[in-house]
**Q** 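Below: one structure in structure tokens.
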Amino acid sequence: GIDCSGDSRMCCLKEFFVDFKEIGWEDWIIQPEGYHMNYCAGLCPLHMAGIPGLAASFHTAVLNLIKANNADAAVDSCCVPTQRRPLSLLYYDRDSNIVKTDIPDMIVDACGCT
Amino acid sequence: APKGVWCPACGLSALAPTAQRDVLIALAKQSILSKLHLPDRPNITQPTSRGALLTALHRMRAQRVDTAPPPGMPHDGGIPRLRPGMGVQEYEILSFAESGSSTSRSVRLHFHFTRELAGSTEILQATLYLFWAVPGPGTHPVIVRLLQPDPAGLNTTVASETRLEAQRDVWATLDVAQAIQSLLGQGSQRLTVELEVAEDWGSPLLAVHSDSHRPFVAVQARARTPHRVQRR
């Protein structure tokens, strides 16, 4: 994966941190202090689309869906997350109970082209 | 994303930086609330004191150590664990007691569980923690009743009754998983526990009002996975 930097327009990982104190959520979310809502953006070179090796990747289902819905999309490819991890939260619910949970696949660590 | 734009993040770069930031923060709020099955951010009216929370966490850790199998044995507290990365959300919930009606020989405690738990989760384990403040030497029997509302919701019926022996100041535990699962199954969100002592201790749980000995229920739950058809 490529971290976005400078003026590259390639598919890359854009880091974005939401500080719970800044948005007034620090009273009900005990931990952590914020959420790394990184996301993927940028262009995927055309020659990446339809690479034979892709058939073996786990993006095949996504690519097939795109093909099924939009035939000419097959000549393009998307910048998508390739690595994700859970967001662990300790928070108060509406009954002032204390809840700990891990929300799966909430933090993007790397991006790539399908 | 604006119409005609290929992917949700593509239109972002066309916005001004402040507008981008506002869109992303709104998206972050929406995704966290939806994953926690919350319609809106909770308004905290009774934050738990730090003392009560630390005591509860300490008690739970001690309880797990006490019930851990011998070294070398896998330790999962008897809960059927999923392999990590299975993508199923699990919860650990601490619900602290609210005092209900009491007499010189009995006291009622209420534990609330939110609607989000009902219907969408299965209870893996639930333990009631009670601290006895015994008045003196000897054995002091305590009757613990789990009450649940009757179908009309006007009265309560006894779901289970357990007799415990208190000999000294100690934390006692009681398995309440079945009672909570049945409560949630009936759409109720409140577990009521009644404690009654044989002789006149005064209120059997003077400690109810002290932060470091506040009774609590520790629940481990797992989101129900929708029925999936595996295509081979």
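The basis for the numbers below is simple: all heavy atoms, side chains too, and nothing from hydrogens, waters or symmetry mates. To find a chain, count down the sequence lines: A is the first, B the second, and so on, and within it residues start at 1.
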**Q** Can you spot which of A:N97, A:D93, A:I98, A:D95 makes a side chain to side chain contact (heavy atoms under 4.5 Å, CB included) with B:S95?
**A** A:N97

**Q** Find out whether B:E92 and A:V99 are in side-chain contact, i.e. whether some heavy atom of one side chain is under 4.5 Å from a heavy atom of the other.
**A**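 A side-chain contact is absent here, since even the closest heavy-atom pair is not under 4.5 Å.
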
**Q** Does any backbone or side-chain atom of B:L53 lie under 4.5 Å from a heavy atom of chain A? Answer side chain, backbone, both or neither.
**A**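 Side chain only.
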
**Q** Which one, B:N43, B:L27, B:T48, B:D40, leads in non-hydrogen pairs under 4.5 Å with chain A?
**A** B:T48

**Q** Answer yes or no: is there a donor N or O on one side and an acceptor on the other, between the side chain of B:R41 and the main chain of A:G24, under 3.5 Å?
**A** yes

**Q** How long is the gap from CG on B:L94 to CG on A:L90, to the nearest 0.5 Å?
**A**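 Reported to 0.5 Å precision, the distance equals 8.5 Å.
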
**Q** CG/B:L38 to CZ/A:R94 distance, rounded to the nearest 0.5 angstrom?
**A** 6.5 Å

**Q** Quick check against the 3.5 Å criterion: does A:T101 have a side-chain atom that pairs as donor or acceptor with the backbone of B:E90?
**A** yes

**Q** Would you name the heavy atoms of A:D27 and B:I44 that are closest together and state the gap between them?
**A**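 Heavy atoms only, the tightest pair is O-CG1, 4.0 Å.
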
**Q** Assess whether atom NZ of B:K35 is packed by more than 12 heavy atoms of other residues, nucleotides or ligands within 6.0 Å.
**A** no

**Q** Can you check salt bridge (Lys or Arg N to Asp or Glu O under 4.0 Å) on B:R21 and A:E22, steps first, answer last?
**A** CA-CA 12 Å; B:R21 186 170 170 287; A:E22 268 189 37; 2.6 Å; yes

**Q** Count the heavy atoms of every other residue, nucleotide or ligand shown that sit under 6.0 Å from CD of A:E26, and state whether that count exceeds 12.
**A**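 More than 12 within 6.0 Å, yes.
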
**Q** If we only count heavy atoms from C-beta on, is the B:K29 to A:V18 side-chain gap below 4.5 Å?
**A** no

**Q** Non-hydrogen atoms of chain B under 4.5 Å away: do they reach the side chain of A:L89, the backbone, both or neither?
**A** side chain

**Q** Chain B heavy atoms under 4.5 Å from A:D102: which part of the residue, side chain, backbone, both or neither?
**A**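 Just the backbone, heavy atoms under 4.5 Å.
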
**Q** First locate atom CG of B:L36, then atom OH of A:Y91, and finally report the distance between them rounded to the nearest 0.5 Å.
**A** 4.5 Å

**Q** Considering only heavy atoms, which portion of A:Y92 lies under 4.5 Å from any heavy atom of chain B: side chain, backbone, both, or neither?
**A** both

**Q** Could you tell me the separation between the NZ atom of A:K100 and the CG atom of B:L57, rounded to the nearest 0.5 Å?
**A**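 That separation rounds to 11.0 Å.
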
**Q** Evaluate the criterion side-chain contact (heavy atoms from CB on, under 4.5 Å) for residue pair B:F96 and A:S96; output intermediate values, then yes/no.
**A** CA-CA 9 Å; B:F96 288 92; A:S96 297; over 6 Å; no

